[in-house]
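Here's the structure we're looking at; comments come further down.
Chain letters run A, B, ... following the sequence lines, proteins first and then strands; every chain starts at 1.
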Number of protein chains: 2
Amino acid sequence: MSAGERRKFRREGEERRRQDLIDATLDCIADHGLQGATVRAIALRAGVTAGLIRHYFPGKEDLLQAAYANVMGRMTELAKTALATVDEEPRLRLAAFVEASLVPPVVDARSFSLWASFIGRASSDAALGAAHRAGYLGFRDEVEALVAEVLAGAGRPAGIAELRRQAIAINAVIDGLWLEGCLASEMFSTGELAEIGIGSVEAMLGVKLRDETEVERA
Amino acid sequence: MSAGERRKFRREGEERRRQDLIDATLDCIADHGLQGATVRAIALRAGVTAGLIRHYFPGKEDLLQAAYANVMGRMTELAKTALATVDEEPRLRLAAFVEASLVPPVVDARSFSLWASFIGRASSDAALGAAHRAGYLGFRDEVEALVAEVLAGAGRPAGIAELRRQAIAINAVIDGLWLEGCLASEMFSTGELAEIGIGSVEAMLGVKLRDETEVERA
DNA sequence: GCAGTATTTATACACTTGCATAACAACGCA
DNA sequence: TGCGTTGTTATGCAAGTGTATAAATACTGC
């Protein structure tokens, strides 16, 4: 076998390559955690050689940060889309928001694996921590605004403190159900989590979010 | 400086050493994630040299598993103690359970860091995943039993499906609030999370858990 | 005190890691 | 077509990884 065979390759656009590398990084992390995200493993998955990574990113650290930003971006984007699609009553928009957060692809083992890997490091890494907090607060503010509209629409507007409290609680239910769904998806039937989520929010707010005809009582 | 100085050491009991190594491992993980848990870093923290680890554990993997079991053990132990201390009305016991889950030391950055580090790997590691699921189900069953008692005590016993649903939802609020508290403890005043948690559970169940005099309305 | 044991240290080894550098070749443009 | 640019590969290196092994020393029983 002639050893001097040099690998064939194609030149891809810069944006494309960067995204490919980021995707490969996320694949590695989802499969084997941050430990599995070595430059060589990433390069292998991206179909390039390790050295190329440093041509697009100053160092592995920067690639990881870019990957994290990518994940956060997709998640918030998903949530925003869910909010934007329904432009009707606040009640329905809140319900849609809750539901969107509790069905695939948001509830998904891979997403969770990525989230856990990064979040575990956000505790010790200041930059990651700040990025996460920003995303979280944005999320909660969204919920709070929605809750304000819903309560106002129901004829019982709430004060600042009450709003904050409700937003925190609702956010918590969503997060908790999301967690359970990601960790043990096969324990829940399709739509069950969303159903429970919406029901819980209704109970907490004391407001029906859906039409009465849609509500089932067990 | 004479180079032939050999380090002084003391012989500790086997159990003590194993626990020291496990504690050191958890410290490393809490501080810098699984990546920071190298045999040398662990040994340094435990005040021994790296080789000793392999005298007590067949390999690093086994040490990590032992460490994980240790964490899980402490957590469930904490929860059980919280339940055992209050032996009064179901309502009060549920309230105590919720509160115990939402104040230190359960709500704690270190605990969370450990949880996140291990859980991230539980997705890909079958053994870790099974261990986690067992712990989670035990937790949820506990909640479900408590809810059953509370509802029965309130004069409106619930069916299997309703109980399951409530347990899932309540568990979710607790988890979600726990998450928020661990990730951004400084955003919440003392006891605020517990307050919100208990209030949410009350709303979801439609049952007051505490005496009316303790309830504050915002 | 003294010998025996096994805990603990020290050292070494093979391997992986991220990173640096030079050679190469694919593509754009004349 | 041919040439320069630079995206890409290939190779190498120093530091760090888990593990294996031998030497040393603290403790136990006499």
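The nucleotide whose nearest atom lies closest to any side-chain atom of B:K8 is, among C:dG18, D:dA26, C:dA6, D:dA26. You'll find that the side chain of B:F9 is closest to C:dT9, out of D:dT19, C:dT9, C:dT17. Here the nucleotide nearest the side chain of A:R10, chosen from C:dC27, C:dT9, C:dC19, is C:dC27. In this structure, the nucleotide among C:dG18, C:dT5, D:dG18 sitting nearest to the side chain of B:R11 is C:dT5.
Note on B:R17: only backbone sugar-phosphate atoms sit closer than 4.0 angstrom, heavy atoms only; bases stay farther off. Within 4.0 Å (heavy atoms only), B:F57 reaches no atom of the nucleic acid at all. At a threshold of 4.0 angstrom between heavy atoms, the contacts of A:T49 include nucleobase atoms, whether or not backbone atoms are also involved. Among the atoms of the strands shown, none is found under 4.0 Å from any heavy atom of B:A43. Heavy atoms of B:E14 sit nowhere under 4.0 angstrom from any nucleic acid atom.
Between B:R164 and B:D141 there is no salt bridge, since no side-chain nitrogen of the basic residue lies less than 4.0 Å from a carboxylate oxygen of the acidic one. A salt bridge links B:R110 with B:D27; the closest basic N to acidic carboxylate O contact falls under 4.0 Å. In summary, A:E195 and A:R210 engage in a salt bridge, as defined by a charged side-chain N under 4.0 Å from a carboxylate O.
For A:R54 and C:dG18, a side-chain-to-base donor-acceptor distance below 3.5 Å is absent, hydrogens and geometry of angles not being considered. Contact of B:R6 with D:dT25 (side chain to base): no donor-acceptor pair of N or O atoms is detected under 3.5 Å.
Put simply, CD on B:E15 is 13 Å from P on C:dT7, counting in whole angstrom units.
Checking the phosphate oxygens (OP1, OP2) of D:dT25, no side-chain nitrogen or oxygen of B:R7 falls inside 4.0 Å. At the phosphate of C:dT8, neither OP1 nor OP2 sits under 4.0 Å from any side-chain N or O atom of B:H55.
Taking the six-membered ring where tryptophan is involved, the planes of A:W178 and A:W115 are perpendicular, since the angle between them exceeds 60° and thus also 30°.
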